[in-house]
Amino acid sequence: MMNQTDDISVVEQLIDGIIEKNPHSKDMLNAFRPIMVERIRLVEKLELKAAEPPKIDGRKLRAGVPVIRQAMLFYHDDPWDEIALSMIPAIKRGLPDLENDLDKLEALIKNGNINLFDCFKSYPDKGEGIIDHWATELKIGLPAIVFLIKSATRIILEKRAKHIDWHGIEWKKGYCPICGTFPAIAMIEEKIAWRWLHCSACGHDWKFGRFICPFCEHEGEREVPYLFIEGKQQESAFSCDTCKRYLVTLNRVSDLNVRDLDITAIGLIHLDIIMQDKGFQPMATCEWNVF
Ligand SMILES: [Zn+2]
Ligand SMILES: [Zn+2]
């Protein structure tokens, strides 16, 4: 088993390797580098309170109700402050435009004036009221608040999802079985009939058919609804003419390679630009695919 330093140096090497292959993604990947590294460090290191493992109703799951709509996944005594105060310096290093707003958030959290968990009080509905309140009353820019909350949510969900017992229940939807978000990237392994979909909101991967649209479940008439770039056989985008959504896809992956699908997705932003130029929208809006 690798220790954490190994994990982090592997991530650094992965980022460097992708930049070498796709130099246009350099600025974006370097911006996300400290954020990715800190997130991996926290997921590895943090201990969540020994909550009951989320209980799943197999029938509901088979009917397409994700875990987040069935079980409590966020708790007041989860380490929200520790996550926020560790992620803020990393986000500032990567995205210096957010620095002023992140400084304000840092001070408010340190003084105990706000707690990120407040956003989950109205759970499972989104805590948009709280976020708007912080933005308008406390005069903090919305992008910084949303980025920090998304980062913290990802860490908590990634940790908590590890304790879910699936009992072999198969998930047949194009959105994430844990958090209900649509995938940010797909991966197709060599000689395998399905594709893996990856959720960037919680880090979960699940199997899905290759030719059905994960967004609207339309089954394409075209045999291969994938766009490829000449000379780059591993990089493609699935697209659906019915809902006009696309999904960047890593192809012909051999199992021997170490990979991180969030980093890979950021390395494929040239495909995001091409597909959005063609009038398609991403299935999941991520910080790196909004132009
Ligand atoms: Zn998810
Ligand atoms: Zn579709």
Side-chain angles (χ1 to χ4, degrees), residues 36 39-40 42-43 48 53-54 56 60-61 64-74 78 83 119-120 123-127 146-147 149-166 169-187 195-227 236-249 260-266 271-272 275-276 278-289:
M36 297 276 184
R39 192 188 74 213
I40 289 165
L42 286 170
V43 168
L48 299 189
I56 309 173
K60 281 190 184 167
L61 205 67
V65 182
V67 175
I68 202 163
R69 291 266 157 194
Q70 297 191 30
M72 184 58 136
L73 296 178
F74 306 105
D78 284 334
I83 292 174
C119 304
F120 300 93
Y123 172 94
D125 293 319
K126 288 189 173 147
V146 171
F147 200 104
I149 290 170
K150 276 187 166 183
S151 306
T153 307
R154 160 81 191 244
I155 291 166
I156 298 282
L157 283 177
E158 193 170 338
K159 295 278 310 180
R160 193 144 276 133
K162 290 188 202 301
H163 301 289
I164 293 174
D165 188 351
W166 295 94
I169 301 165
E170 218 180 309
W171 177 255
K172 298 226 165 73
K173 290 290 173 183
Y175 50 86
C176 174
I178 304 280
C179 73
T181 307
F182 282 100
I185 181 170
M187 180 182 73
R195 64 184 147 171
W196 288 101
L197 303 184
H198 174 76
C199 173
S200 276
C202 75
H204 189 73
D205 300 326
W206 70 103
K207 278 188 207 169
F208 197 73
R210 275 199 201 187
F211 300 110
I212 306 166
C213 171
F215 198 85
C216 73
E217 300 186 355
H218 179 80
E219 192 153 2
E221 292 102 44
R222 280 184 294 155
E223 203 172 285
V224 186
Y226 288 89
L227 171 126
S236 67
F238 170 91
S239 62
C240 174
D241 282 330
T242 305
C243 65
K244 290 284 170 193
R245 302 276 170 164
Y246 72 89
L247 181 62
V248 296
T249 300
D260 178 297
L261 287 176
D262 296 299
I263 295 171
T264 306
I266 301 174
L271 288 166
D272 288 291
M275 296 312 290
Q276 291 184 30
K278 287 177 182 284
F280 291 90
Q281 288 299 307
M283 291 189 188
T285 305
C286 304
E287 286 78 11
W288 55 84
N289 66 14

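Fair warning: this is a prediction, and the values are worked out from it, not measured in the lab. First listed ligand is number 1; within each ligand, the first listed atom is number 1. Side chains included, hydrogens not; waters and symmetry mates left out as well; all remaining heavy atoms used.
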(Q) Could you check whether Asp262 pairs with Arg154 (Lys NZ or Arg NE/NH1/NH2 to Asp/Glu carboxylate O, under 4.0 Å)? (A) yes
Q: For Arg245, check side-chain hydrogen bond (donor to acceptor under 3.5 Å, both in side chains) against everything at least two apart and list the hits.
A: none
Q: Check whether any N, O or S atom of His218 sits under 2.8 Å from the Zn ion (ligand 2).
A: no
Q.
Before moving on, can you tell me the angle at the Zn ion (ligand 2) between the SG atom of Cys213 and the SG atom of Cys243, to the nearest 10 degrees?
A. 110°
Q: Using the Zn ion (ligand 1) as the apex, give the angle to atoms SG (Cys179) and SG (Cys199), rounded to 10 degrees.
A: 100°
Q) If you measure from the Lys or Arg side-chain nitrogens to the Asp or Glu carboxylate oxygens, is any gap between Lys207 and Glu170 under 4.0 Å? A) no
Q: Please determine, by modelled atom types, if Asp241 and His218 share a side-chain donor-acceptor pair under 3.5 angstrom.
A: no
